[in-house]
Visitor: 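Below: one structure in structure tokens.
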2 protein chains.
Amino acid sequence: MRIGDLARASGLTTKTIRYYEQAGLMPAPPRTPGGYRDYPAEAVTRLTFIRDAQGAGLTLAEIRSVLSLRDSGQAPCGRVTELIDQHLSEIERRLVELRATREALRGLARRAARTDPGTCSQGDICTILTPAAEPRP
Amino acid sequence: MRIGDLARASGLTTKTIRYYEQAGLMPAPPRTPGGYRDYPAEAVTRLTFIRDAQGAGLTLAEIRSVLSLRDSGQAPCGRVTELIDQHLSEIERRLVELRATREALRGLARRAARTDPGTCSQGDICTILTPAAEPRP
DNA sequence: CTTGACCTTCCAGCGCACTGGAAGGTCTAC
DNA sequence: GTAGACCTTCCAGTGCGCTGGAAGGTCAAG
């Protein structure tokens, strides 16, 4: 199948598929006499896998590492499990961070509600965002 | 004060300060006869403000909009409040998204724990990540 | 006069995952 | 034979917030 067919079958663009080849995620396929890429049916599986793995939050570099294990004949389960766990803790970390940012922003919003646009025009650029004096509630 | 002093006073690098000037966040300061940038003391306040605003999650483009309101003599409180509220809802959105991703990854981790590396080597690249058959718990 | 700290400009690159466009080749249908 | 659908390669750009480096100018101390 040609790259356009593969694009339709996988839901990606031809650009993206060529990019994946260049990035080492897709092997270079054989060519037709005219120089067109000629993909086997399994290419769809591989692209679908890449999409699924991306959906799970893996980066292309990580996906490449899984695929190259696979390509060397090994079962990538261990690596995949490791990556999933890594991303889980990364997400936990980001959740904690985001919650902290949310609390900080809520504090600022409270301060903003109390701020008089008339008073705020002294010297400072904006008293809402200056972390100086948030009075203890 | 010269750019190095300002850098020390604000905790940024000279590179960053020049970048802010180029990006329209800092006004071009007067120059010494030798061509050096010569900052007034208020520059520290401005840079501190930029850092605080960044700490609140505002982008440089948003901070620029606040600063240019200020520079045109208006109180930017309204704009600032608006931006804070915007970022709050953006964060809520991301929290929801992240929690969903976490649940998805937890499902995958469960599946990974059940996967036998011997069995997984058939045709597919990795059965853990294929969203096909997650059995109802 | 020289050293060395500091400054200037300009150009280029990072990381990530693409995306756009130009210039040209190939194949099928009419 | 020609339109047009598809393909090829290559180069360059996106967004964001810087960061690095080269090549050169300025200034105070010794």
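A note on names: the letters A, B, ... follow the listed sequences, proteins ahead of strands, and every chain is numbered from 1.
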Visitor: Heavy atoms under 4.0 Å is the rule here; annotate nucleotides 25-30 of chain C 5' to 3' with B where the base is hit, S where only the sugar-phosphate is, and - elsewhere.
Guide: BBS---

Visitor: Grab the CE-P distance between B:Met1 and C:dC6 for me, whole Å please.
Guide: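 Value for this atom pair: 14 Å.
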
Visitor: Not counting sequence neighbours, list each pair that qualifies as a salt bridge (Lys or Arg N to Asp or Glu O under 4.0 Å) and has a residue in residues 7-25 of chain B.
Guide: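 Only B:Asp5-B:Arg8, B:Glu21-B:Arg37 qualify under salt bridge (Lys or Arg N to Asp or Glu O under 4.0 Å).
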
Visitor: By side chain to side chain contact (heavy atoms under 4.5 Å, CB included), which residues pair with A:Ser68, not counting sequence neighbours?
Guide: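 Per chain and number, A:Ser68 pairs via side chain to side chain contact (heavy atoms under 4.5 Å, CB included) with no residue.
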
Visitor: Got a sec, which pairs hit salt bridge (Lys or Arg N to Asp or Glu O under 4.0 Å) with one end in residues 98-107 of chain B, sequence neighbours left out?
Guide: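 Qualifying pairs, neighbours excluded: A:Glu92-B:Arg102, A:Glu92-B:Arg106, B:Glu103-B:Arg106.
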
Visitor: Please tell me which of A:Arg8 and B:Gln22 maps to the more 5' nucleotide of DNA chain D, matching each residue to the nucleotide holding its nearest heavy atom.
Guide: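 On the 5' side of the pair lies A:Arg8.
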
Visitor: Could you tell me the boundaries of the chain B footprint on DNA chain D, defined by atoms under 4.0 Å from its heavy atoms?
Guide: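 Extent of the interface on DNA chain D: D:dG17 to D:dC27.
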
Visitor: Between C1' on C:dC6 and CD1 on B:Ile3, what's the gap in Å once rounded to a whole number?
Guide: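 It is 11 Å, rounded to the nearest whole Å.
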
Visitor: Within this structure, what is the CG-to-P distance between A:Leu47 and C:dC18, rounded to whole angstrom?
Guide: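 Rounded to the whole Å, the gap is 11 Å.
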
Visitor: Going by salt bridge (Lys or Arg N to Asp or Glu O under 4.0 Å), name the residues that satisfy it together with A:Arg64, two or more places apart in sequence or in a different chain.
Guide: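 For A:Arg64, no residue satisfies salt bridge (Lys or Arg N to Asp or Glu O under 4.0 Å) once neighbours in sequence are set aside.
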
Visitor: I need the residues from residues 53-69 of chain A with at least one non-hydrogen atom less than 4.0 Å from DNA chain C; give them sorted by number, or say none.
Guide: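 Correct list: A:Gln54, A:Thr59, A:Leu60.
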
Visitor: Can you check the B:Tyr19 OH to C:dC11 P distance for me, whole Å?
Guide: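 About 17 Å, once rounded to whole Å.
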
Visitor: What salt bridge (Lys or Arg N to Asp or Glu O under 4.0 Å) pairs are there with at least one residue in residues 41-51 of chain B, not counting sequence neighbours?
Guide: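 Counting only pairs at least two positions apart or across chains, the salt bridge (Lys or Arg N to Asp or Glu O under 4.0 Å) contacts touching residues 41-51 of chain B are B:Arg46-B:Asp71.
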
Visitor: How sharply is the helix from C:dC1-D:dG30 to C:dC30-D:dG1 bent, taking the axes over five pairs at either end and rounding to 10 degrees?
Guide: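 Rounded to the nearest 10 degrees, the bend comes out at 40°.
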
Visitor: How would you list, by chain and number, every residue that makes a side chain to side chain contact (heavy atoms under 4.5 Å, CB included) with A:Tyr20, sequence neighbours excluded?
Guide: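 Checked A:Tyr20 against side chain to side chain contact (heavy atoms under 4.5 Å, CB included); matches are A:Leu12, A:Thr16, A:Leu25, A:Met26, A:Leu47, A:Ile50, A:Gln54, A:Leu60.
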
Visitor: Using the side chain to side chain contact (heavy atoms under 4.5 Å, CB included) rule, take A:Phe49 and A:Ile63 through it: C-alpha gap first, then chi angles, then the decisive distance, then the call.
Guide: CA-CA 9 Å; A:Phe49 168 76; A:Ile63 298 170; 4.1 Å; yes

Visitor: Rounded to the nearest 0.5 Å, what's the gap from CG on A:Leu58 to CD1 on A:Ile84? Could you check?
Guide: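 Taking CG in A:Leu58 and CD1 in A:Ile84, the distance rounds to 7.0 Å.
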
Visitor: Mind checking side chain to side chain contact (heavy atoms under 4.5 Å, CB included) for B:Ala112 and listing every partner two or more places apart, or none if nothing turns up?
Guide: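 Here the qualifying residues are A:Thr81, B:Ile128.
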
Visitor: Base, sugar-phosphate, or nothing for A:Arg37, non-hydrogen atoms under 4.0 angstrom?
Guide: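 If one applies the 4.0 Å heavy-atom cut-off, A:Arg37 turns out to touch the sugar-phosphate alone, with no base involved.
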
Visitor: Check side chain to side chain donor-acceptor pair (under 3.5 Å) between B:Arg31 and all other residues, then give those that pass, not counting sequence neighbours.
Guide: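 Here no residue qualifies.
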
Visitor: How far apart are the closest heavy atoms of B:Ile3 and B:Thr14, and which atoms are they?
Guide: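 So the minimum-distance heavy-atom pair works out to CD1-O, 3.7 Å.
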
Visitor: Under 4.0 Å between a Lys/Arg side-chain N and an Asp/Glu carboxylate O for A:Glu97 and A:Arg94?
Guide: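 Salt bridge flag = no for A:Arg94 with A:Glu97.
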
Visitor: How long is the span from the OG1 atom in A:Thr101 to the CG atom in A:Leu108, to the nearest 0.5 Å?
Guide: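 That separation rounds to 10.5 Å.
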
